[in-house]
Q: 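First, the structure itself, so that you have it in front of you.
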Amino acid sequence: MAFADDWGRYASVYAKQSPGGPSDVVSTPNFDSLAANGVLFNHAYVSAPSCTPCRSSLLSGQHFWRCGRGSILQGAIWDFSNEAYPLILEKSGYRIGHTYKVWSPGRPADAPHGGKRTSFNQHGRKFNGFSQRAMAAEDREAAKQQLLDEVRLNFQSFLHPDSQDTPAPQDAPAPQDDPAQQANAETPDDPQPQEEVVDQGDQPFCYWFGPTNCHRKWIEGSAQTLWEINPDDLKGKLPPYLPDVETVRQDFADYLGEVQAFDAAVGVIVEELKRIGEFENTILVISGDHGIPGVSRGKCNLYDLGTHVPLAIHWPAGIEHPGRVVDDFVSLPDLAPTFLDAAGVAIPNAMTAKSLLGLLTSDQQGRVEPGRDAVFTGRERHVGIARAGKLPYPQRAIRTHQHLLIVNFEPARWPMGDGPEFNGEFPDFITLREKTVSAFGDLDASPTKAWIVTHREESPEFYDYAVGRRPMFELYDLAQDPHCMNNLALDSRHAPVRDQLYQRLITEMKDTGDPRTKKDVAFESSPFTD
C-alpha cells in the first residue's frame with residue numbers, strides 16, 4: 001500500500017481523462033505505468049477528507065463515522081474495538097510492516113498496523129521533508145537520490161529484517177508550533193549501512209509506505225528547481241474558486257512537485273519488488289488520503305477537491321485484463337475487504353465496505369457493477385481548537401455521477417474554523433502562511449490562504465469560497481457545473497432530486513449507525529470535544 005499524505009487526484013494519466021486541469025502539468029510515470037498495466041479508477045473517494053478519520057475508515061473497512069474516537073483527527077484514539085485489515089492478515093500468517101505514516105495523529109500512533117512493533121524507519125524519515133532537504137543541499141540532484149535511497153533502505157529493512165542489526169526505530173514526532181503539522185514531523189534518524197540480503201522464504205507480507213511530503217510545508221520554488229514544473233503553466237487550469245494569481249499558481253506548482261517526489265519513491269518500491277521476484281504476485285495499491293491542503297475547498301471539504309483521490313491497483317497475477325479504466329464509484333474503505341478477499345481471509349461482519357475483487361478480475365471497463373453508483377463522505381472534528389468549544393463542523397454528502405448533495409448540519413458555525421471575530425485585525429500574510437491556527441484552523445497555513453485572507457476586501461468572492469458560512473443544503477449538478485459554483489438546493493425545479501438524494505444519504509447513515517442520526521449526538525460532547 002503506497003499511500004501519500006494529502007495527495008488529491010493529480011497524475012499525468014488523469015490529464016487524459018480530464019484535460020484542462022492541474023494534472024496537465026504534473027508527470028507521474030510510475031503511477032501511470034502501474035495504472036496502464038493494472039486498473040485505473042476514475043471515481044475513487046475517501047470516507048472523510050481528514051487524515052486520521054480517512055485512515056481509520058480505510059484500515060477498518062467502514063464509514064469513518066463508525067470508528068469511535070478514530071472518527072476525529074486531534075484527540076483520536078484507536079481502542080482496537082474495530083478490527084484492522086493488517087492485524088487480521090498478521091493473525092492469518094502475513095508479516096506486516098510500515099514506513100513513515102500509517103495512522104496519526106492519534107494514540108497509539110500507527111496502532112492499526114502494529115505501531116512501533118512493526119515500524120521500519122531505521123534508515124531515516126527525511127523523505128517526509130523532501131523539498132526542504134533537497135533545496136537546502138548544494139548538489140540537489142544528489143540530495144534527491146539520497147532521499148530515494150532512504151526509501152529503498154527502509155523497504156529493504158522490512159523485506160530482509162534478519163539482515164538488520166539496528167535498534168528499533170523511534171516514531172514519536174518532533175514537537176511543532178503548529179498542531180496541524182505535528183503528525184507529519186520527522187525524527188532525525190541517521191542512515192544506516194546496507195546489509196547483506198537474507199532470504200525470508202515464502203511468507204506473505206503486507207507493507208504500508210506512507211510518506212508525508214505532500215503535506216505542508218514545502219519550499220517555495222521547489223517545483224521548478226527540482227522537477228522543472230513552471231507555475232505559469234497552471235494559468236487557466238486552476239478551478240474558478242481559486243484566484244489565478246502568481247502566488248497561488250506557485251503554491252499549487254510546488255505541491256505538484258511533491259507529488260512527483262512521491263511518484264519517484266513508488267518507482268523505488270517497484271524496483272525492489274522486481275529485485276526480489278515478487279512484482280508479479282504482489283497487489284500494489286497507490287492512492288492518497290484526501291485533497292490538497294491549505295487551499296479553498298480542498299482538504300477538510302466535501303467538494304471533489306477534498307474527497308476525490310487517485311487510485312491505481314497493479315496485480316499481474318490477479319488482473320487478467322489489465323489496462324482497464326473503471327468509472328464505478330469506489331470508496332477507500334473498500335480496500336480493506338479487498339485485501340482480505342484476495343488473501344482468502346474471512347471478512348468481518350462489521351466491515352460495511354465492499355471488496356473490489358470483482359472489478360479487478362472483470363474483463364469490463366467503464367461502469368461495471370451497477371450498485372456502485374454513489375459514494376458517501378463526511379467529516380466531524382479536524383483541528384481541535386479551530387472553533388470555540390472545540391466543536392466539529394459536521395457534514396455528510398452523497399456523490400453520484402451527476403450530483404453532489406452536501407448537508408451542513410450546523411450552518412451557523414464557520415466551516416474552516418473561527419476567524420471573522422478579529423474585528424478587522426486579521427493576522428498578516430506571513431503569519432497566515434506559517435501558522436495554521438492563527439485563523440480558520442481547519443484550513444492549513446499556506447501562501448494561498450494568506451493571499452485570500454489578505455485580499456478579502458479586493459476579492460471577497462474568493463474569501464467567501466474559502467472560509468464563508470454555508471447553507472444547510474448544497475446541491476450541485478456536476479454535469480453542468482463541475483466546480484460546484486451554483487447551489488441548486490433551494491431551486492424548486494431540483495427539489496425532487498434533492499429530496500431523493502437526501503433520503504438515500506440519511507438511510508445509509510441510519511443503516512450504518514451514524515451518531516449524527518441520534519437525538520444526542522456523541523460528536524458534540526466529551527470525549528469528542530476534549
Side-chain angles (χ1 to χ4, degrees), residues 45-50 52-54 56-57 62-76 290 297 299-304 306-307 331 374-400 403-420 440-443 464-476 484 487-490 494-495 497-530:
Y45 286 77
V46 296
S47 179
S50 172
T52 308
C54 169
S56 297
S57 65
Q62 305 187 52
H63 291 303
F64 87 96
W65 58 70
R66 291 170 56 87
C67 295
R69 289 283 291 275
S71 300
I72 59 175
L73 184 106
Q74 289 188 318
H290 49 66
R297 296 190 169 191
K299 176 179 177 180
C300 272
N301 287 271
L302 301 190
Y303 307 105
D304 274 12
T307 59
S331 185
V375 289
F376 302 92
T377 62
R379 66 171 281 210
E380 287 292 338
R381 195 177 81 169
H382 187 68
V383 171
I385 61 174
R387 54 190 60 80
K390 299 183 175 63
L391 294 172
Y393 187 76
Q395 298 177 284
R396 300 291 185 271
I398 177 172
R399 169 67 153 90
T400 68
H403 293 100
L404 171 66
L405 175 71
I406 301 174
V407 181
N408 303 304
F409 289 96
E410 297 290 345
R413 297 176 191 171
W414 297 97
M416 292 294 101
D418 297 338
F440 312 111
D442 279 343
L443 181 64
D464 191 55
Y465 292 141
V467 301
R469 282 193 175 108
R470 298 167 188 173
M472 186 168 186
F473 295 102
E474 298 178 71
L475 174 66
Y476 302 100
C484 299
N487 182 10
L488 304 173
L490 296 182
H494 297 272
V497 171
R498 179 199 63 206
D499 295 345
Q500 179 186 27
L501 291 172
Y502 178 71
Q503 188 56 53
R504 185 174 176 186
L505 172 61
I506 294 297
T507 298
E508 179 72 14
M509 293 167 62
K510 288 181 177 179
D511 288 349
T512 57
D514 189 338
R516 272 289 150 198
T517 63
K518 310 297 182 182
K519 181 178 180 181
D520 295 317
V521 182
F523 294 131
E524 295 288 334
S525 59
S526 178
F528 292 94
T529 57
D530 291 349

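Along the sequence shown, the residues carry numbers beginning at 1.
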Q: Quick one: pull up CZ in R469 and CH2 in W414 and give me the separation to the nearest 0.5 Å.
A: 4.0 Å
Q: Nearest 0.5 angstrom please: T517 OG1 to W65 CH2, how far?
A: 9.5 Å
Q: Minimum heavy-atom separation for L73 and S50, please, with both atom names.
A: CD1-OG, 3.6 Å
Q: Taking it one step at a time, do D418 and F440 satisfy side-chain contact (heavy atoms from CB on, under 4.5 Å)?
A: CA-CA 5 Å; D418 297 338; F440 312 111; over 6 Å; no
Q: Is the side chain of S71 donor-acceptor paired with the backbone N or O of P53 at a distance under 3.5 Å, no angle test?
A: no
Q: Do side-chain atoms of N408 reach the backbone of Q395 as a donor and acceptor pair under 3.5 angstrom?
A: no
Q: Check for a donor-acceptor pair, side chain of R69 on one end and backbone N or O of G75 on the other, with a separation under 3.5 Å.
A: yes
Q: Measure across G70 and S56 and return the closest heavy-atom pair with its distance rounded to 0.1 Å.
A: O-OG, 2.9 Å
Q: Do side-chain atoms of R297 reach the backbone of C484 as a donor and acceptor pair under 3.5 angstrom?
A: yes
Q: Nearest 0.5 Å, please: how far is CD1 in I398 from CG in L302?
A: 12.5 Å
Q: Can you find a heavy atom in the side chain of I406 that is under 4.5 Å from one in the side chain of Y303?
A: yes
Q: Would you check, one step at a time, whether the test side-chain contact (heavy atoms from CB on, under 4.5 Å) holds for V497 with H403?
A: CA-CA 9 Å; V497 171; H403 293 100; 3.7 Å; yes
Q: State, to 0.1 Å, how close P411 and P471 come at their nearest heavy-atom pair, and which atoms those are.
A: CB-C, 4.1 Å
Q: Would you confirm whether N301, through its side chain, and A466, through its main-chain N or O, come within 3.5 Å as a donor-acceptor pair?
A: no
Q: Measuring from C54:SG to H290:NE2, what's the distance to the nearest 0.5 Å?
A: 6.5 Å
Q: Taking atom types as modelled, find out whether E474 and Y476 have a side-chain donor-acceptor pair closer than 3.5 angstrom.
A: yes
Q: Would you say S526 and D530 are linked by a side-chain donor-acceptor pair, where the criterion is simply a distance under 3.5 Å?
A: yes
Q: With R399, which of T307, D304, T377 fulfils side-chain hydrogen bond (donor to acceptor under 3.5 Å, both in side chains)?
A: D304
Q: At their closest point, which heavy atom of P49 faces which heavy atom of G378, and how far apart are they?
A: CD-O, 3.3 Å
Q: Quick one: list whatever passes salt bridge (Lys or Arg N to Asp or Glu O under 4.0 Å) with D442, sequence neighbours left out.
A: R379, R387
Q: Identify the heavy atoms of T529 and L391 that sit nearest to each other, and give their distance.
A: CG2-CD2, 4.0 Å
Q: Looking at CD of Q503 and CG of L405, how far apart are the two atoms once the value is rounded to the nearest 0.5 Å?
A: 11.5 Å
Q: Can you name the closest pair of heavy atoms from A76 and T52 and give their distance?
A: CB-CG2, 3.7 Å
Q: Does L505 reach the side chain of F376, with side-chain heavy atoms less than 4.5 Å apart?
A: yes
Q: Assess whether side-chain contact (heavy atoms from CB on, under 4.5 Å) is satisfied between R498 and L488, documenting all intermediate values.
A: CA-CA 9 Å; R498 179 199 63 206; L488 304 173; over 6 Å; no
Q: Would you compute the distance between atom CZ of R470 and atom CE of M416 and round it to the nearest 0.5 angstrom?
A: 5.0 Å
Q: Kindly say whether F64 contributes a backbone atom to a donor-acceptor pair with the side chain of S47 at under 3.5 angstrom?
A: yes
Q: Only pairs at least two apart or in different chains count here, so list each salt bridge (Lys or Arg N to Asp or Glu O under 4.0 Å) that has a residue in residues 513-525.
A: E380-R516, R396-D514, R413-E524, R516-E524
